[in-house]
Amino acid sequence: MSIESIIKSKVVEAVNSCYGQGIEEKTVQIQKTRREFEGDLTVVVFPFLRFSKKSPEETANELGQFLTENIEAVSAFNVVKGFLNLVIDNSHWISVLNEAVKTENYGFTPLAEGAKKVMIEYSSPNTNKPLHLGHIRNNLLGYSVAQILKANGYEVIKVNLVNDRGIHICKSMLAWLRFGEGETPESTGIKGDHLVGKYYVKFDQEYKKEIEALVAEGMEADEAKKQAPLLLEAQEMLRKWEAGDEETVALWRKMNDWVLEGFDITYKKMGVDFDKVYFESDTYKKGKAIVEKGLADGELYQKDTGSVWANLEADGLDHKLLLRDDGTSVYMTQDIGTAFERFDEFNIDEHVYVVGNEQNYHFQVLSLILGKLGYEWHDKIQHLSYGMVELPEGKMKSREGTVVDADDLMEEMVNTARETSKELGKLEGYSEEEAEDVYEKVAMGALKYFILKVDPKKNMMFNPKESIDFNGNTGPFIQYTYARIQSVVKKAIDTGFEIPEAASSNLNISEKESFLIQMVANYPTVIKEAGKETSPAQISNYVYDLVKEYNQFYHDHPIAKEENTDLRAFRLVLSKQIGEIIKSGMSLLGIGVPERM
RNA sequence: GGUCCAGUAGCUCAGUUGGAUUAGAGCAACAGCCUUCUAAGCUGUGGGUCCCAGGUUCGAAUCCUGGCUGGAUCACCA
C-alpha cells in the first residue's frame, strides 16, 4: 500500500477520533509539499473545518499530532495556514525505492486472464500519395497509445484500414496511364508511394489546365470543373473498377502494391506496426444489411426517392444519410458495418479510433446511430481526436506542395543527428553500423518526442528548425541522460564495485534524493492516468520532469565517486532505477534509448 | 447561423477532478560552470492584465454565465 493511501485512511480515522465525524476517504486531498516548505507530503485541512469547528491551524495541528503518532513513516509535521506538511522518514523512501527495483516491469499492469480487450485503429492512409507530417502524428499517437494501454494490462489489437479505393485513386491511375510512359519504381528508383503521388499531383495539374481551357471557351467555372474530360474519364474508371473490369483492376492492383510497399518502408522506419490490416476495397459495401434491418425495425426511415436516413434531431443533430437513392453505401454505412464486425468477431470491449479532429462530427454520429440501432456497445467506441499539424508558413496543402513529406523529414532528422553526433565525437570505438543505429534512435527520438509531448487534441505548430534542436525539452535530452546513467554505472562496475540488489535503508539522504524517489514512486500512477486519458503527453511530461530532476542531482552529487560505500551503493541503485524508468517510459512513446551517445 | 475544440512569457508548450504571498519548463537574449562519474548537461538574470467582463467560495489559469479571437465541422465526398 502506498504511503498516500495509508495517510488517507489515517486522516479518516483522525477526523473520526478527534471530532467524532465520519468522512469519506475521497475528501482527503494529499499533494506534494511545495519546495519552499519543509516536508514531503501535505494534507489540505480546509475540508475538515466544518467538522472540527476550529481554526485551520488548530485543526491541522491536531491531525498532525494524530498522524505522527499513528503512522510509523511520518516522523514530524508542521503547519502553514490550512496546510499540514508531513515529513516522511528517509528509511521509508529508501524502502519504496528497493521495492521498485525488485519489481519486474515496474509500473506496468501485467496482462491477466480476462483482461479487457481493446482494438485501436490508426494510420488509415489513402493509397494515392505518400505519408506526410499529419500521418506521422496519427501513427505516433496510435502506436504510443497502444503501448500505454498494454502497460495498463489491456489486450490490444492494432489495426489499419487502408483507403485503397475511390475517385482519388483513379486519378493517379489515369494520370499514370496518360503521362507515365510505363514508369515503375524499379525503372526510376523512386519509392512506390512517391511515384504514385507524383501522378496524383500530375492529374491535378492537367485537370486545372483543362478547366482553364474550358473557361477560356466561355464555360462557367463550376461547370468546367464537372465537365473537364480528365475528371469524366476518372469517374468512368471508377465505374469500371466497381464493375470488376479486368484491365482496370489489374492496373489498380499494380499501383496499389507499389504504394503499399512504400508504406511498409515508412512504417518500419517510424517503428509502428499492426496486427491486422483491413482494405476498404473489401469493406466498402458493408453495413448495408444492418441499415436495412434498422429500417425494417423502424429506427431509420426512407425517403420517396429511395434513400435511407437516420433522424438525429432528438440529439440536437441533423438527419444523416445512410443509403443513397440507388441503394449504395456511404462512408458512415461502412463504418457501421466494420464496427459491428469487429465487436462481433474479436469480442472486444472497447474500440479506439485515431482520426483527426475534422471527423469529430462523424464519430459522434456513428456512436448515436449504433445506439439507435440497439447495439449496447455503441458507447464503447472512442474517437481519439487530434489537432492539425501546422507549419510556420500556414497550413499544409498537398496541391501547393507545402506538405512535409514523412520520408524526407525522417531522413533529414537522421542527417542532422549524424552531424551533431560527429561534432561531439562521443561514439569512438563504435562500428559504422552501431553508430548509425544511434543516429537513427536520436533522430527518431527527437521527432517522436516533439510530436507526442503536445496534448493530442490541440493543434500543433511544427517548426522544422526547432524540431531538429537537440537541447532542452527534447527526446535527445532524455536519451542523453539515460546514456549518461549507463556510463556512470558501467564505470562503477569497472572499478570492481558491486551494486547491491537493494540500498541500505539507514542512510542520510538529501532532499533531492528523497524527491527523486517520490517521483519513482509516482510512475505507476502516471501510467494509469495516461491510459485513462489515452494521452502519451502525460508520459512525456513525466519523463521530462524526472530527467530534469535527475540531471540536477547528478550535477550536485558524486555517484560512483562517493566515498561512503553505502551511499555510493544507494546512488547507483537510484540511478539505475531511474535509467530503467526512462527506458520504460520512452518505450511507451515508441522511442528507443541508446547506451551511448 | 448551429455544434465541437482551442486561447497561459517574444516563440513552442506544461499546469485545468478548485489549493500555499512568488503561475512553471524549453527555445531565443545576456552572464557564469568542463585537469574530477558524458557540457546533447548545470546555475543565474530579464521576460506574464493566464483572451475580456461578471458570478460561485475561505481560495479561480482551473467551475458557471455572457462576450471576443482562431480552428474544425454541419454533402446522395471519403
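In what follows, every chain begins at residue 1, and chains take the letters A, B, ... in the order their sequences are listed.
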Exercise for the section: May I ask you to evaluate whether A/Asn357 reaches the phosphate of B/rC5, defined as a side-chain N or O under 4.0 Å from OP1 or OP2? Expected result: no
Handout entry: Gap in Å between the two P atoms, one belonging to B/rC11 and one to B/rC50, rounded
Key = 16 Å
Practice task
Name the nucleic acid region contacted by A/Ser421, choosing base, sugar-phosphate or nothing; use a 4.0 angstrom heavy-atom cut-off, strictly under.
Solution key: base
Problem - Within 45° cone and under 6.0 Å: A/Lys303 NZ/CZ vs A/Trp309 ring - result: yes
Practice task
Could you check whether A/Gln334 gets within reach of a base, just the sugar-phosphate, or nothing at all, counting any heavy atom under 4.0 Å?
Solution key: nothing
Handout entry: Any A/Lys548 side-chain nitrogen or oxygen under 4.0 Å from OP1 or OP2 of B/rG26
Key = yes
Practice task
Please state whether the phosphate of B/rA39, meaning OP1 or OP2, lies under 4.0 angstrom from any side-chain nitrogen or oxygen of A/Tyr554.
Solution key: yes
Exercise for the section: Determine, answering yes or no, if A/Phe83 is stacked on B/rA20 under the 5.5 Å centre rule and the 30° plane rule. Expected result: yes
Exercise for the section: Would you kindly check whether a donor in the side chain of A/Ser385 faces an acceptor in the base of B/rC4, or vice versa, at under 3.5 angstrom? Expected result: no
Problem - Lys/Arg N to Asp/Glu carboxylate O, A/Arg568 vs A/Glu563, below 4.0 Å - result: no
Exercise for the section: State whether a side-chain donor-acceptor pair under 3.5 Å links A/His135 with A/Ser123. Expected result: no
Handout entry: Phosphate-side-chain proximity, A/Arg568 and B/rC37, N/O vs OP1/OP2 below 4.0 Å
Key = no
Practice task
Between A/Lys32 and A/Gln364, just flag the one whose closest nucleotide in RNA chain B comes earlier from the 5' side.
Solution key: A/Gln364
Exercise for the section: Could you work out the separation of B/rG70 and B/rC64 based on their C1' atoms and round it to a whole Å? Expected result: 23 Å
Practice task
Would you classify A/Thr474 as touching base, sugar-phosphate or nothing, given that sugar-phosphate means primed atoms plus P, OP1 and OP2, and contacts are heavy atoms under 4.0 Å?
Solution key: nothing
Handout entry: Under-4.0 Å side-chain N/O to phosphate OP1/OP2 contact, A/Lys457 with B/rC4
Key = no
Practice task
Classify the nucleic acid contact of A/Tyr331 as base, sugar-phosphate or nothing, counting any heavy atom under 4.0 Å across all strands shown.
Solution key: base
Exercise for the section: Name the nucleic acid region contacted by A/Asp315, choosing base, sugar-phosphate or nothing; use a 4.0 angstrom heavy-atom cut-off, strictly under. Expected result: nothing
Problem - N-glycosidic conformation, B/rC34 - syn within 90 degrees of 0, else anti - result: syn
Problem - Contact under 4.0 Å: A/Asn471 side-chain N or O vs B/rG41 OP1/OP2 - result: yes
Practice task
State, without any angle test, whether A/Tyr482 and A/Glu595 hold a side-chain donor-acceptor pair at a distance under 3.5 Å.
Solution key: yes
Exercise for the section: Check the side chains of A/Thr338 and A/Thr283 for a donor-acceptor pair under 3.5 angstrom, ignoring hydrogens and angles. Expected result: no
Problem - Touch class at under 4.0 angstrom, heavy-atom based, for A/Met597 against every strand present - result: base
Practice task
Check whether any side-chain nitrogen or oxygen of A/Lys458 sits under 4.0 Å from OP1 or OP2 of B/rA14, and answer yes or no.
Solution key: yes
Problem - Inter-nucleotide P distance (B/rG18, B/rA60), Å rounded - result: 13 Å
Exercise for the section: Could you tell me whether A/Glu595 contacts a base, only the sugar-phosphate backbone, or nothing, with contacts defined as non-hydrogen atoms closer than 4.0 Å? Expected result: base
Exercise for the section: Answer with base, sugar-phosphate or nothing: what part of the nucleic acid does A/Asp325 contact at a heavy-atom distance below 4.0 Å? Expected result: base
Practice task
State whether A/Arg324 places a side-chain N or O below 4.0 Å from either non-bridging phosphate oxygen (OP1 or OP2) of B/rC77.
Solution key: yes
Problem - Charged N-O contact under 4.0 Å between A/Asp455 and A/Lys457 - result: yes
Problem - Whole-angstrom distance between B/rG48 and B/rU8, as gauged at atom C1' - result: 8 Å
